[in-house]
Amino acid sequence: MTRLGMVIDTFRCIGCHTCAMACKLENNLPNNNWWNRVLTVGGEDMDTPGGIYPNLSKKYFTLGCQHCTNPACTRVCPVGATYKREEDGVVFQDYDKCIGCRMCMAACPYTGVRNFNWEEPQYYVGIQTGSGGAPTHKKHTVEKCTLCAHRLARGEEPACCQDSICPGRARYFGDFDDPSSKVSQLLARYGGEQLLSDMQTEPNIYYIDSRGAGKDLSIANAYKEALNKTAGSEAVVASH
Amino acid sequence: MSDSVLSGASRASETANNQKTGILKGNKVVSATLGVAIVLTILGIGLWVFQLWGGMLNTNMRNLSSWGLYIILFMLFVGLSAGGLIISSIPKVTGLGDFGGINKIAIWTSITCTLLAVGFVVVDLGSPWKVWELFAYANFSSPLMWDIIALSLYLIISIIYLWATLRYEKGKLSNTGMRALSAIALVAACAVHTVTAWIFGLQISHEFWYTALLGPWFISSALLSGLALVLIVVFALSKLGYVQIKRENILKMTKLLGVFTAIDLYFFACDLLTSGFVGGESAAVVTMLTQGPLALFFWFEIAVGVAAMFIAFVPKFRRNGAIVFASCVSILAILCKRIQLLIGGFQIPNIDYWSTTTGPHSVEYLGVPGGSLSSLIYAPSLLELGVAFGVVALGVAILIIGLHLLPLKPLKK
Ligand code: SF4
Ligand code: SF4
């Protein structure tokens, strides 16, 4: 079995929104439609710390579909337009089938990860930006992160987890059922937290805090390896 | 004396009395109402087409409040329907006599309400032309699917029940057969509203919805609103001179109205205590209802409930005007409850950091969610109100046409 998911290192995340933008461009997301967002843990507003000076704290984490092992959304969809793919665990969305009842939006506990196209999709830039195989968006259907299913199909990682995207190197993608995968190893080392774990959904996005890992050679090597790989890879959408 | 002791022959002889109310004949008020209803229905259909064409952005539903007025009214009308049918079938099932021959009208009212409920689901769908998929790709683990099945079966059963009641009055159906059918209708009515409750009650994602109490509580609300509706229809028809209901039966129903109000408020109290007692996040629900943006609806429901109980239980208040008033506000109270349940479910987000709920990267929103005391996350747009009026107008038209064409007039004893 394959259980694809991500590990997000909240210690390394600098809240730059590059992954959110990469997602938006890669998947050609219409206006007001975000599959991956960066949340500030701290003050009331974005990028503001919480607490009282000098005891301030601020942290970031990103939020998208958690590709739950026990998804609340797939169970309630009356037509099976959202379903968990058996082969890799991706919670997928079939735009052609979706009747727009929004039952799945009511069922998903992760606020705002499911988006409904409330109008005919519009694009600020006026052109379609998605990479090859990116989904065509439809009015009055629900959509959300697909773990970049179109990229997975050609053997690539999701756009937000590309080595060239995250400047903080805070995002990792892989198979949790494979103990040798980077994500499994990170979990083994740092534990890892799931969002709203009391909701019985068993998310496959884990959040770790790698404080003190700077001295960790295996991680440092992984970064070096990643950098080399990026230098040689083909041009990537939104890499600037 | 109840219908059940009438012999077949004497029942048959009464069919000679014209059983049709013929409500449209020579009655300007009713005809005018029908005319207005038809015009509003056509307008409503126009607005609905606009909603589909121009996009549901024209409603005030957004990603954080993904359902709105349509689903609120869907709940209300399933309740009215189930309640109406339960009220009219219980006396038959238990053999305790009936409320004076208004059964047929009550059944027809509840059939109309079921159709309205279906209508509200349809206008809520993003792509209603894909409804055939519900049959082709049915996913039986979805409470919504259960509800669609339950509603369809319920509609069929109510139609059979109406037909059987007419046969029974003509003496062509045995008393046992009638009672058995009444029992089936009763079970179906309870089932349909319980399943409707499960659309919400099984969602662990919303603090306010996720409770086992929701099923029984929906039934109690259904009984209250259904009975109130039957009372209103009976008063309207007797005012117009089409039915005569004994005062004694009206009083019976009024007392029941008080009892149902008490039960409904009791469930509400149980639910709030359970949420509030543990404190923490659960208590946010209580704060939201009592002091937050939904307080108006909450306190209205409570105040009206108390008033309805006074009217029902204090003999000197039981005047006709007061009873009609109590019935009308009881339906409004249940509407308020539906509003609290639906909006309240969305009002408190599970993840309320900046960017989920506000700002340029937020999903679209109307009010400011993020706490039990911030502004209302959803209020219907004019378009939604227009479409909703259209659907209700369609119901009024169906009700009047049915009353005119079908032999629904109570038998004279
Ligand atoms: S996060 Fe929500 S949408 Fe994604 S799989 Fe889990 S329940 Fe479904
Ligand atoms: S909105 Fe679409 S995906 Fe969601 S439950 Fe309804 S049909 Fe399924």
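These numbers come from a predicted model, not from an experiment.
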Check each atom of [X] against the heavy atoms of chain B and say whether the ones under 4.5 Å are side chain, backbone, both or neither.
| X | value |
| --- | --- |
| A/K97 | both |
| A/T74 | backbone |
| A/A72 | neither |
| A/Y83 | neither |

>> As an exercise: rank B/S127, B/A138, B/P128, B/G54 by heavy-atom pairs under 4.5 Å with chain A and give me the winner.
In response: B/S127
>> With chain A as the partner, which of B/V121, B/I71, B/L52 has the greatest number of non-hydrogen pairs under 4.5 Å?
In response: B/L52
>> Would A/W118 and B/N58 count as a side chain to side chain donor-acceptor pair (under 3.5 Å) here? Give the steps.
In response: CA-CA 8 Å; A/W118 296 95; B/N58 295 302; over 6 Å; no
Is any side-chain heavy atom of [X] closer than 4.5 Å to a side-chain heavy atom of [Y]?
| X | Y | answer |
| --- | --- | --- |
| B/Q203 | A/M103 | yes |
| A/F116 | B/M56 | yes |
| A/L196 | B/I351 | yes |
| B/N63 | A/M105 | yes |

>> Surrounding CD of A/E193 (heavy atoms of other residues, nucleotides or ligands, distance under 6.0 Å), is the total greater than 12?
In response: no
> Got a sec: does the CD1 of A/I14 have more than 12 other heavy atoms crowding it under 6.0 Å?
Replying inline: yes
> Hey, mind stepping through A/I99 and B/V131 against side-chain contact (heavy atoms from CB on, under 4.5 Å) and telling me if it holds?
Replying inline: CA-CA 7 Å; A/I99 59 174; B/V131 280; 5.6 Å; no
> Counting heavy-atom pairs under 4.5 Å to chain B, which of A/N33, A/V76, A/L195, A/T48 comes out on top?
Replying inline: A/V76
> Which one of A/G80, A/G42, A/C98 has the most heavy-atom pairs closer than 4.5 Å to chain B?
Replying inline: A/C98
Okay, side chain of [X], backbone of [Y]: is any donor-acceptor separation there less than 3.5 Å?
| X | Y | answer |
| --- | --- | --- |
| A/R75 | B/S141 | no |
| B/S205 | A/Y110 | no |
| B/N139 | A/C77 | yes |

> How long is the span from the NE2 atom in A/H140 to the CH2 atom in B/W129, to the nearest 0.5 Å?
Replying inline: 7.0 Å
> Taking NZ, NE, NH1 and NH2 as the nitrogens, is one of them in B/K130 or A/D96 under 4.0 Å from a carboxylate oxygen of the other?
Replying inline: no
> Considering only heavy atoms, which portion of B/Q51 lies under 4.5 Å from any heavy atom of chain A: side chain, backbone, both, or neither?
Replying inline: backbone
